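Everything numeric here is computed off the predicted structure, so don't read it as measured data. In this chain, residues are counted from 1 in sequence order.
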Amino acid sequence: MLKKAAAVLTLLMIIFQLACKEQEELIEKKPNVVFILVDDLGLIDLGVTGSNYYETPNIDALAKQAMIFTQGYAASRVCSPSRASIMTGKFTARHGITDWIGAKSGEEWRALERHDKLLPAQYIHNLPEQDISLAEAMQNGGYQTFFTGKWHLGGEGSYPENHGFDINVGGWDKGSPIGGYFSPWKNPKLENKVNGENLSMRLANETASFIKETKDAPFFAFLSFYAVHGPIQTTKSKWVKYRDKAHNKGIAKEGYKMESVLPIRQVQDNPIYAGLVESMDDAVGVVLSALKEHGIEDETIVIFTSDNGGVASGDSFSTSNLPLRGGKGYQWEGGIREPYFIKVPWLKHRGAESDYPVTGTDFYPTILDLVGLDALPKQHVDGISLRPLLEGKAMKLKRPIYWHYPHYGNQGGEPSSILQEDGWKLIHYWEDDRDELYKLQTDIGEQFNLAEENPEIKIQMRKKLLDWLHEVGANLPEKDTEFNAELAARRHQHIVEEQLPLLEKQRIEFLLKDFEPNDDWWGSKLTKD
């Protein structure tokens with residue numbers, strides 16, 4: 001009996017040693033990293049995260065092989081600040097890019113005739129040169145670096161190739177797909193080859209080609225989709241599929257309600273957006289297949305996330321983020337909580353979930369840690385390595401997460417700053433100095449403001465938030481001395497009485513059997529699904 005037990009113990013030790021050797025070999029070989037960033041994708045826009053309308057089989061399969069962070073956050077409610085935080089490991093107030101690059105600020109805001117109480121704060125318009133970007137850190141660590149897709153972190157001189165990427169395909173100063181999702185598009189960094197080519201698929205194919213050419217060397221590939229940003233477009237066949245699916249589910253009588261500033265979508269039944277989401281998922285499938293085809297799937301870390309919440313108001317009014325409140329541009333969870341998946345093949349955490357709050361600044365130190373490169377704590381000062389969680393360990397550190405958006409969103413969000421810590425979320429509004437306080441574990445929809453019921457917590461968190469903003473030198477909005485309350489009221493009345501009914505009408509038109517956007521379906525008719 002003792003001999004049998006000893007034999008079993010010996011066998012277990014051998015298995016353990018082989019597993020350790022396998023992990024050491026992978027680290028020694030420097031694992032590859034594929035980072036997939038989707039633009040404007042909401043948390044509930046995937047099958048794996050709760051949508052019963054959009055179909056995303058490739059991303060769903062990836063999530064089931066990854067660790068799913070159920071409290072994964074973007075670093076901002078809009079794109080450029082969030083992307084800058086991924087690249088720098090810093091919260092937005094610290095790196096200074098607090099709005100999407102190109103948005104008006106200061107007195108220029110008046111030109112939009114929004115009639116708001118504040119003039120939005122000034123902000124930095126390009127990724128700071130003094131920062132060591134994530135790509136530069138990887139490049140310095142011996143990695144071949146590749147970028148394709150949306151950049152939106154500065155103009156000429158501040159493109160991906162100026163911040164550590166050896167190759168840049170399609171990344172420039174614009175934040176939307178100029179010319180649309182079907183070739184010919186208008187992008188000086190992305191050649192038109194075949195009329196009707198799908199933009200998401202083109203970016204995926206460029207990534208797959210890079211993987212093929214670089215498979216024997218460690219690489220860092222950053223696939224940054226323009227999808228699912230507006231203008232939303234799809235093929236006729238995908239539109240038909242989702243129009244029929246919406247009708248089979250039953251069309252809701254009303255699809256919108258008024259939020260504080262703009263109407264906000266309450267249902268996922270937009271067949272154009274659904275087709276755009278599926279095309280993006282098809283493209284993800286191409287990249288994942290390339291890793292498998294070239295035999296490097298098991299030595300490649302894959303990260304998947306979004307830069308802000310789904311567009312429920314403003315822009316294209318594309319999706320609903322319910323049960324989360326708000327969406328892109330908003331201060332509530334719908335604006336900042338995202339799909340957040342990290343697959344590390346040798347850690348065997350398939351489908352595991354973590355409810356530890358994580359954010360976009362954490363990718364930088366996590367990637368360095370996983371591939372065996374030295375941390376840069378003075379650079380990624382607001383990020384932490386998530387490796388312990390990925391290894392199945394508990395994270396003892398409870399750290400505050402800060403958001404700062406001293407601007408008005410195109411989608412209805414208000415100038416505000418946020419502190420989330422230990423399950424509490426405080427939102428401080430700059431227009432009138434008020435606060436909202438939510439307990440997220442019991443109120444994910446942020447319907448119950450507990451600020452008056454918990455004055456000590458509110459005061460403590462408010463002080464901590466304002467002290468931190470002062471410490472990092474955050475820019476703040478200013479009162480507009482030309483604010484006209486009467487004009488503001490007229491604008492709001494117009495939105496309620498005219499825009500809201502028009503949105504409901506458009507929603508139904510998208511679902512009519514004879515709907516046709518134009519003769520060639522945004523130029524897609526030469527494209528096979």
(message) What I want to find out is whether D480 reaches K117 closely enough, with some N-O distance under 4.0 Å, to be called a salt bridge.
(response) no
(request) Salt-bridge test for K245 and D269: reply yes if a basic N is under 4.0 Å from a carboxylate O, no otherwise. (result) no
(request) Answer yes or no: is there a donor N or O on one side and an acceptor on the other, between the side chain of H152 and the main chain of I101, under 3.5 Å? (result) yes
(request) Output all residues satisfying ring pair (Phe, Tyr, Trp, His ring centres under 6.0 Å) with F448, sequence neighbours left out; order by chain, then residue number. (result) none
(message) Can you confirm whether the side chains of T98 and H404 place a donor and an acceptor under 3.5 Å from each other?
(response) no
(message) Ring-plane angle category for W430 and H428, please: parallel below 30°, perpendicular beyond 60°, tilted otherwise.
(response) perpendicular
(request) For W185 and L190, indicate whether the former's side chain and the latter's backbone hold a donor-acceptor pair under 3.5 Å. (result) yes
(request) Scan side-chain atoms only and decide if H380 and T88 contain a donor-acceptor pair under the 3.5 Å cut-off. (result) no
(message) Parallel, tilted or perpendicular, judged at 30° and 60°: which one describes the rings of F515 and W522?
(response) tilted
(request) Examine the side chains of Q411 and D315 and answer whether a donor and an acceptor come within less than 3.5 Å of each other. (result) yes
(message) Any salt bridge linking D99 with K104? Criterion: basic side-chain nitrogen under 4.0 Å from a carboxylate oxygen.
(response) no
(message) Could you walk me through whether W172 and Y159 satisfy the side-chain contact (heavy atoms from CB on, under 4.5 Å) test, starting with their C-alpha distance in whole Å, then the side-chain angles of each, then the deciding distance to 0.1 Å, before giving a yes or no?
(response) CA-CA 6 Å; W172 61 317; Y159 283 167; 3.8 Å; yes
(message) Does any part of the side chain of P415, heavy atoms only, come nearer than 4.5 Å to the side chain of Y408, both counted from C-beta?
(response) yes
(message) Looking at every heavy atom in both Y181 and V228, which two are closest together, and how far apart are they?
(response) OH-C, 3.9 Å
(request) Dump the intermediate steps for ring-ring contact (aromatic ring centres under 6.0 Å, His included) on Y356 and F69, then the final yes or no. (result) CA-CA 7 Å; Y356 184 86; F69 291 87; 8.5 Å; no
(request) Can you run down the salt bridge (charged side-chain N to carboxylate O under 4.0 Å, His left out) pairs that involve residues 407-433, sequence neighbours left out, and say none if there aren't any? (result) E333-K425, K398-D422, E414-R434, E421-K464, K425-E446, D432-R434, D433-R462
(request) Would you give the length of the straight line joining atom NE2 of H95 to atom CD1 of I124, rounded to the nearest 0.5 angstrom? (result) 9.0 Å
(request) Tell me, with the steps shown, if Y54 and Y273 meet ring-ring contact (aromatic ring centres under 6.0 Å, His included). (result) CA-CA 9 Å; Y54 312 131; Y273 182 72; 5.4 Å; yes
(request) With rounding to the nearest 0.5 Å, note down the distance linking OG in S105 to CD in E478. (result) 10.5 Å
(message) Could you report the tightest heavy-atom contact between N321 and G326, atom names first, then the distance?
(response) ND2-O, 3.0 Å
(request) Determine whether I36 and I303 make a side-chain contact, defined as any pair of heavy atoms from C-beta on separated by less than 4.5 Å. (result) no
(message) Checking the side chain of T361 only, and the main-chain atoms of D382 only, is there a donor and an acceptor separated by less than 3.5 Å?
(response) yes
(message) Using a strict threshold of under 4.0 Å (side-chain N to carboxylate O), is an ion pair present between R399 and D362?
(response) yes
(request) If the plane angle is over 60° it's perpendicular, under 30° parallel, otherwise tilted; pick one for F91 and W468. (result) perpendicular
(request) Could you tell me the separation between the CG atom of L476 and the CG atom of L469, rounded to the nearest 0.5 Å? (result) 7.0 Å
(request) Go through the side-chain N and O atoms of S318 and N270 and say whether any donor and acceptor fall under 3.5 Å apart. (result) no
(request) Decide, yes or no, whether a salt bridge links D39 with R83 under the criterion of side-chain N to carboxylate O below 4.0 Å. (result) yes
(request) Would you check if the side chain of N449 reaches a backbone N or O of A451 as a donor-acceptor pair within less than 3.5 Å? (result) yes
(message) So which atom in S260 and which in G412 form the shortest heavy-atom distance, rounded to 0.1 Å?
(response) OG-O, 4.4 Å
(message) Under a plain distance cut-off of 3.5 Å, with no hydrogens placed, do S51 and Q268 share a side-chain donor-acceptor pair?
(response) yes
(request) Verify whether the ring centers belonging to W403 and Y73 lie closer than 6.0 Å. (result) yes
(request) Report the distance from atom NE2 of H407 to atom CG of L118, rounding to the nearest 0.5 Å. (result) 11.5 Å
(request) Just do the side-chain contact (heavy atoms from CB on, under 4.5 Å) check on L119 and R110 with the steps written out, would you? (result) CA-CA 8 Å; L119 296 175; R110 294 182 185 134; 3.9 Å; yes
(request) Say whether Q71 and Y340, considering side chains only, have a donor N or O and an acceptor N or O under 3.5 Å apart. (result) no
(request) Spell out, as yes or no, whether a donor-acceptor pair under 3.5 Å connects the side chain of D443 to the backbone of K439. (result) no
(message) Looking only at the side chains, is there a donor atom on one of W109 and D116 sitting less than 3.5 Å from an acceptor on the other?
(response) yes
(request) Please check if the distance between the ring centroids of H125 and Y123 is under 6.0 Å. (result) yes
(message) Check this for me, if you would: do E113 and R491 make a salt bridge, where the nitrogen-to-carboxylate-oxygen distance has to be below 4.0 angstrom?
(response) no
(message) Distance alone, cut at 3.5 Å: any donor-acceptor contact between the side chains of Y438 and E436?
(response) yes
(message) Taking S158's backbone N and O only, do any of them form a donor-acceptor pair with N126's side chain (distance below 3.5 Å, no angle check)?
(response) no
(request) Assess whether side chain to side chain donor-acceptor pair (under 3.5 Å) is satisfied between N308 and S82, documenting all intermediate values. (result) CA-CA 7 Å; N308 49 248; S82 180; over 6 Å; no
(request) Side-chain contact test, heavy atoms from C-beta onward, threshold under 4.5 Å: evaluate it for M258 versus I495 and give yes or no. (result) yes
(request) For K174 and K150, work out which heavy atoms get closest and say how close. (result) O-CG, 4.4 Å
(request) With rounding to the nearest 0.5 Å, note down the distance linking CG in L324 to CD1 in I444. (result) 5.5 Å
(message) Does either side chain, that of D282 or that of N58, offer a donor lying less than 3.5 Å from an acceptor on the other one?
(response) no
(request) Can you label the angle between the Y330 ring and the W332 ring as parallel, tilted or perpendicular, going by 30° and 60°? (result) parallel
(request) Any chance you could lay out the side-chain contact (heavy atoms from CB on, under 4.5 Å) test for L46 and F304, step after step, and finish with the verdict? (result) CA-CA 12 Å; L46 304 172; F304 180 92; 4.0 Å; yes
(request) Mind listing the closest non-hydrogen atom pair of F341 and I59 along with its distance? (result) CE1-CG2, 4.0 Å
(message) Under 4.0 Å between a side-chain nitrogen and a carboxylate oxygen: does that hold for K463 and D467?
(response) yes
(message) Within this structure, what is the CD-CD1 distance for the pair Q506 and I508, rounded to the nearest 0.5 Å?
(response) 11.0 Å
(request) Could you tell me whether a side-chain N or O of R77 sits under 3.5 Å from a main-chain N or O of K328, the two making a donor and an acceptor? (result) no
(request) For Y405 and S76, work out which heavy atoms get closest and say how close. (result) CD1-OG, 4.4 Å
(message) Using modelled atom types and a 3.5 Å cut-off, is there a donor and acceptor pairing between side-chain atoms of S306 and backbone atoms of G42?
(response) no
